[in-house]
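Quick caveat, the model's predicted, so the values are computed rather than measured. Sequence lines set the chain letters: A, B, ... in the order given, protein chains first and strands last, and positions in each chain run from 1.
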Amino acid sequence: MRGLSIDDTLGKLLMATIDKLKIKKSERSNASSCVNNITAKVVTHLKQNVNWCKDIERLRTGSYYENVKVSDAVEWTFKSLIWPEHFSVALKRHPNKHALHRFLNEDKTIQASEMLSEFRDAVKEAPNVILAVTLERNEISSPNSVHMLKMEENGKTISIDFVLGLKVHRASWPDFTKDGFKIETWLGKKEKANMKHRPFYLVSKYEGKGHTDAWRISFSHVEKEILKRHGHSKTCCEDVGYKCCQKECLKLLKYLLQQLKEDDSKSRKMSKFCSYHAKTTLLHACQLLEDFVQHLRKCHLPNFFIPSHNLLRQASPSSCDFLANEIEFQLNNNFLIFS
DNA sequence: CCATGCTAAATACG
DNA sequence: CGTATTTAGCATGG
């Protein structure tokens with residue numbers, strides 16, 4: 001949207017699209033009361049009935065809570081990251097007494113699959129929560145999701161993911177994050193050091209009963225926080241009269257991906273792309289479309305926190321080129337796809 | 001655990 | 001068009 005005036009045809013179209021993507025107040029209200037209601041029931045049930053869930057805490061994460069949800073999506077997903085508080089300290093001090101001790105392997109690693117099975121079963125048993133429960137979820141479209149409750153609300157599918165995690169307090173983040181999280185020029189060194197003192201989360205990854213245990217590292221709490229301070233400087237959007245448009249750009253890019261995915265003739269080529277690619281591009285800061293195309297041309301979009309992890313590793317060079325061409329086509333043709 | 005005040009965003013209003 | 005109100009989320013502090 002750089003250099004565009006709202007008088008331009010293109011500017012007008014994009015502004016109209018942004019308007020279309022805004023979430024209606026009533027819709028928001030409906031969805032959140034529905035989600036909050038159910039989540040409260042599930043959390044209460046877990047606290048009362050699962051001995052290692054007595055002191056669980058919850059974090060709302062995902063695009064809804066980052067104010068970058070696109071209204072047009074057929075399905076709305078709300079994510080709750082749930083973790084037992086104080087597990088590591090208590091487990092170290094009283095390894096045999098702690099409620100989690102039976103999940104320990106001989107080598108002191110934690111059995112993700114067993115823990116997750118129990119967690120999932122307990123969520124299903126929560127009373128007054130009559131919902132279809134789907135276990136599997138497309139790994140690509142939502143890598144953090146392991147558990148999902150689905151419901152219909154006013155014709156819209158709402159799903160809640162309950163993600164089981166372990167909060168890890170350490171002096172620092174793991175080594176492989178060393179060269180990532182480049183926010184110095186954006187939010188400043190102090191802010192970066194500050195955030196690096198936050199814990200990180202290990203998120204259980206469901207691979208079926210009896211599978212090898214797997215935890216994936218998650219920084220969704222940090223993502224949420226820096227999305228709040230989305231602009232080029234710490235004070236972005238604080239000044240009256242100046243409003244940046246990065247969130248709007250992210251919404252547009254997400255919408256673009258969504259439209260392409262829904263096109264049957266293109267969906268096959270689009271299958272490996274997801275909104276997290278769009279979000280990551282924003283985190284890398286941040287001309288969005290141009291940057292996204294460049295990432296695609298190189299088939300290389302590093303995880304913002306773990307630079308050695310290429311989020312496009314599963315996308316073939318030809319599908320990356322395909323998407324880059326699609327985006328450039330839209331750029332050169334006034335975003336026909338939005339009108 | 002709950003009350004309170006603050007913020008961001010949608011929208012009603014002038 | 002700009003400003004005020006409403007709402008959900010969230011931090012704070014008892």
Side-chain angles (χ1 to χ4, degrees), chain A residues 1 4-8 11-12 14-49 53-73 76-86 151 153-154 156 158-163 165 167 169 187 191 194-195 197-199 201 218-255 275 279 282-283 286:
Chain A
M1 287 163 77
L4 284 180
S5 120
I6 49 166
D7 297 327
D8 295 331
K12 274 184 184 155
L14 293 182
M15 294 307 285
T17 309
I18 286 166
D19 260 3
K20 190 168 76 178
L21 298 180
K22 276 181 184 162
I23 294 173
K24 293 265 170 302
K25 219 171 169 179
S26 58
E27 254 184 292
R28 178 187 207 94
S29 182
N30 269 339
S32 65
S33 71
C34 169
V35 168
N36 290 340
N37 202 345
I38 285 165
T39 308
K41 281 175 184 161
V42 168
V43 168
T44 311
H45 177 80
L46 289 173
K47 282 185 183 231
Q48 287 170 352
N49 295 280
C53 286
K54 275 182 189 131
D55 63 349
I56 50 172
E57 292 197 21
R58 176 164 66 109
L59 181 76
R60 298 156 155 111
T61 63
S63 63
Y64 176 86
Y65 300 103
E66 290 161 351
N67 288 314
V68 289
K69 175 155 287 299
V70 165
S71 157
D72 212 63
W76 279 20
T77 302
F78 294 77
K79 280 189 204 169
S80 270
L81 173 58
I82 292 179
W83 70 93
E85 187 56 283
H86 304 134
M151 73 211 87
E153 178 79 9
N154 299 329
K156 181 155 268 176
I158 290 179
S159 65
I160 311 177
D161 287 1
F162 293 97
V163 180
K167 183 159 136 185
H169 273 288
L187 298 171
E191 198 63 29
N194 222 336
M195 291 200 192
H197 286 126
R198 304 280 145 87
Y201 292 87
S218 163
F219 294 98
S220 47
H221 55 313
V222 180
E223 288 169 12
K224 183 176 171 181
E225 208 174 326
I226 60 185
L227 255 279
K228 257 204 252 179
R229 311 173 194 187
H230 47 279
H232 280 292
S233 77
K234 228 193 279 191
T235 55
C236 180
C237 287
E238 280 179 8
D239 293 334
V240 191
Y242 174 73
K243 171 100 175 66
C244 80
C245 62
Q246 280 173 328
K247 279 188 185 169
E248 283 73 17
C249 288
L250 176 56
K251 282 184 173 181
L252 289 174
L253 181 54
K254 283 171 70 167
Y255 183 52
S275 63
K279 185 177 171 183
L282 176 94
L283 292 174
C286 293

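With sequence neighbours excluded, the residues satisfying side-chain contact (heavy atoms from CB on, under 4.5 Å) with A/K54 are A/N51.
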Subject >> Footprint string (nucleotides 9-14 of chain C, 5' to 3'): B base within contact, S backbone only, - free, heavy atoms under 4.0 Å >> reply: SS----

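Using a cutoff of 4.0 Å between basic side-chain nitrogens and carboxylate oxygens, A/E66 and A/K228 are not scored as salt-bridged. With respect to the salt-bridge test (charged N to carboxylate O, under 4.0 angstrom), the residues A/E225 and A/R198 qualify.
A/E27 places its CD atom 15 Å from the C1' atom of C/dA8, with the value rounded to the nearest Å. Going from atom NZ of A/K22 over to atom P of C/dA8 covers 19 Å, rounded to whole Å. Atom NZ of A/K251 and atom P of B/dA9 are 8 Å apart (whole Å). Atom CD1 in A/I23 sits roughly 13 Å away from atom C1' in B/dA8 (whole-Å rounding). Rounded to an integer number of Å, the gap from A/K69 NZ to B/dA10 P is 14 Å. For A/K247 and B/dT7, the NZ to C1' distance is 11 Å, given to the nearest whole Å. Between A/I18 atom CD1 and B/dA8 atom C1' the separation is 16 Å, expressed in whole Å. As rounded to whole Å, 21 Å separates atom P of B/dA9 from atom NZ of A/K20.
Residues in residues 54-73 of chain A take part in these ring pair (Phe, Tyr, Trp, His ring centres under 6.0 Å) pairs, two or more places apart or across chains: A/Y64-A/F78.
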I'd like a list of close polar pairs between nucleotides 3-6 of chain B and the protein, N/O only, cut-off under 3.5 Å.
none

Polar-atom pairs under 3.5 Å, protein N or O versus N or O of nucleotides 12-14 of chain B: list them with distances, or write none.
none

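Each end of the helix from B/dC1-C/dG14 to B/dG14-C/dC1 gets its own rotation axis from five pairs of C1' atoms, and the angle between them is 20° to the nearest 10 degrees.
With values rounded to the nearest 0.5 angstrom, A/N36 atom CG is found 7.5 Å from A/S33 atom OG. Distance check, rounded to the nearest 0.5 Å: CG of A/L81 to NZ of A/K167 gives 9.5 Å.
Taking only distance into account, the side chain of A/K25 meets the base of C/dT6 through a donor-acceptor pair shorter than 3.5 Å.
Two residues are said to be in side-chain contact when any heavy atoms from C-beta on lie closer than 4.5 Å; A/S71 and A/K24 fail this criterion. The shortest distance between side-chain heavy atoms of A/L282 and A/L227 falls below 4.5 Å. Here the side chains of A/V43 and A/R58 are in contact, with some heavy-atom distance below 4.5 Å. Under the 4.5 Å side-chain criterion, counting only non-hydrogen atoms from C-beta, A/Y255 is not in contact with A/L253.
Residue A/T44 is tested with A/K47, A/K41, A/Q48 for a side chain to side chain contact (heavy atoms under 4.5 Å, CB included); the sole match is A/Q48.
For A/K47 and A/N67, each mapped to the nucleotide of DNA chain B holding its nearest heavy atom, the one lying further toward the 5' end belongs to A/K47.
With hydrogens and angles ignored, the 3.5 Å screen pairs no side-chain donor or acceptor of A/H169 with any backbone N or O of A/H197. A distance-only check finds a donor-acceptor pair linking the side chain of A/K224 to the backbone of A/R60 [under 3.5 Å].
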Original post:
Should A/S80 and A/T39 be marked as a side chain to side chain donor-acceptor pair (under 3.5 Å) after you check the CA-CA gap, both sets of side-chain angles, and the distance that decides it?
Top reply: CA-CA 8 Å; A/S80 270; A/T39 308; 4.8 Å; no

